[in-house]
Amino acid sequence: EKGGHRHFMAKEIAEQPTVLGDALAHYLRGDGIELPQPGLDFADFDRVVMVACGTANYACVVAKYWFEQIAGVSVEVDIASEFRYREPPIGPRTLALFVSQSGETADTLAALRYCEGKAAKIVSVVNVTESSIARESDLVLPIRAGAEIGVASTKAFTCQLTVLFLLALQAAVDRKRLEPDELEANLNNLRHLPGLMNFAIAQSGEIAAVAKSVSEARDVLFLGRGAMFPLALEGALKLKEISYIHAEGYASGELKHGPIALVDKTVPVIVLAPTDNLFDKTVSNMQEVMARGGKVLLVTDPKGARAAADGCWKTLIMPEVPPVLAPILYALPAQLLAYHAAVAKGTDVDQPRNLAKSVTVE
Ligand code: F6R
């Protein structure tokens, strides 16, 4: 049942190129995107409110960057347990979007019920389509990741991101912010993603070697800018939940506002930095860490490594990827690092202590 892998988590990480390809095949038709019925028209909405917990929440934070940059739509992202009790105003031009692998997370379901009768539409992005959240939505977008058994979410995250990216593209088309050739270029880039993911997975051995040293650390920091910031949060969550190592993710630019005080030669600092328009800024934050003796693990592409690997403790090289899709690809080294650190520590990877796969109580 684990398909020759030692853990479900390893199997689910390795499945990502395949399930992502399947998800794309489901949503792409000819030269366009085909969403399930009843369709949405993003010209009807002024804002999107996205609500979720944990990893699904970080998928929403990545999507916020996409919706704002590609479609010019305002997005607010909330943690379900906060949203549900805050009495946030939800008007008739607000689209309420809920992301949940299980579709049963109690706080997310309660947040959805709060929006019933207030929001223009309730849309959910779920893996389990026979779930409460799916049943109570006006429109359901399945992520088609297949059963996810490992408690730490992996393939559901990258499939959530993929569906949210398609939705951002659709929003841009509806709002006349994307020409047909730009849409086509984006869809082609997406079609190349499973192949790039295979390259990332092929580095598993190298990542395992780095993870062995990371597993000896007491604290680990993850840094990223732009849409790589939520990836830093996700990398830290993944590491802490399965290896029990204390980890925090920060927006690179926030470093000097406090967390840099934690940096010394025992703290691995994992910098997620594809060569995008923010690369130089991230690198300058990374150099501040190195100037204080921090052990930097730079995750970048060949061009980034040529420009910035000097002085880093270690460098992991990902294939070059269009910057907008980097959050999907860079999820894999973050997952593999957490996985191998947990294996090195001998923790229960698929069933980490104190955690449940589906959180059906608040
Ligand atoms: C982290 C993880 C959790 C879930 C969260 C939401 O690896 O798995 O943070 O993402 O409990 O669960 P769903 O998506 O089922 O609502």
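Numbering of ligands and ligand atoms starts at 1, following listing order.
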Below 4.0 Å, non-hydrogen atoms only: which portion of E241 touches ligand 1? Side chain, backbone, both or neither. side chain
Can you tell which of N57, T105, V99 gets a heavy atom nearest to atom 13 (P) of ligand 1? T105
Which of parallel (below 30°), tilted (30 to 60°) and perpendicular (above 60°) describes F42 and F67? tilted
Which of the ligand 1 atoms, numbered from 1, are nearer than 4.0 Å to a heavy atom of A152: 7 (O)
For S215 and H340, does a side-chain donor sit closer than 3.5 Å to a side-chain acceptor? no
If you measure from CD on E254 to CG on L223, what distance do you get to the nearest 0.5 Å? 11.0 Å
Would you mind listing which atoms of ligand 1 come within a distance below 4.0 Å of any non-hydrogen atom of G54? 9 (O)
Indicate whether the side chain of E148 and that of S153 have a donor and an acceptor atom separated by less than 3.5 Å. yes
Residue and atom name of the nearest protein heavy atom (relative to atom 14 (O) of ligand 1), distance in Å to one decimal: Q101 N, 2.6 Å
Closer than 4.0 Å to some heavy atom of A56 - which atoms of ligand 1 meet that? 10 (O), 14 (O)
No-hydrogen, no-angle side-chain donor-acceptor test under 3.5 Å, Y27 and Q170: no
Under 4.0 Å between a side-chain nitrogen and a carboxylate oxygen: does that hold for E1 and K11? no
Going by the atom numbers of ligand 1, which of them fall below 4.0 Å from some non-hydrogen atom of S153? 7 (O), 8 (O)
Against heavy atoms of S100, which atoms of ligand 1 measure under 4.0 Å? 13 (P), 14 (O), 15 (O), 16 (O)
Identity and distance of the protein heavy atom lying nearest atom 4 (C) of ligand 1: T55 N, 4.1 Å
Please write down residue, atom name and distance for the protein heavy atom closest to atom 15 (O) of ligand 1. S102 OG, 2.7 Å
Taking I13's backbone N and O only, do any of them form a donor-acceptor pair with Q16's side chain (distance below 3.5 Å, no angle check)? yes
With a heavy-atom distance limit of 4.0 Å, tell me whether K238 approaches ligand 1 through its side chain, its backbone, both, or neither. side chain
Please could you name the atoms of ligand 1 that V151 approaches to less than 4.0 Å, counting only its heavy atoms? 8 (O)
What residue and heavy atom of the protein are closest to atom 5 (C) of ligand 1, and at what distance? C53 O, 3.6 Å
Verify the distance criterion only: is there a donor paired with an acceptor across the side chains of N186 and E182 at less than 3.5 Å? no
Exercise: do E234 and T55 side chains pair donor with acceptor under 3.5 Å: yes
Heavy-atom nearest neighbour in the protein, as seen from atom 11 (O) of ligand 1, with distance rounded to 0.1 Å: V359 CG2, 4.2 Å
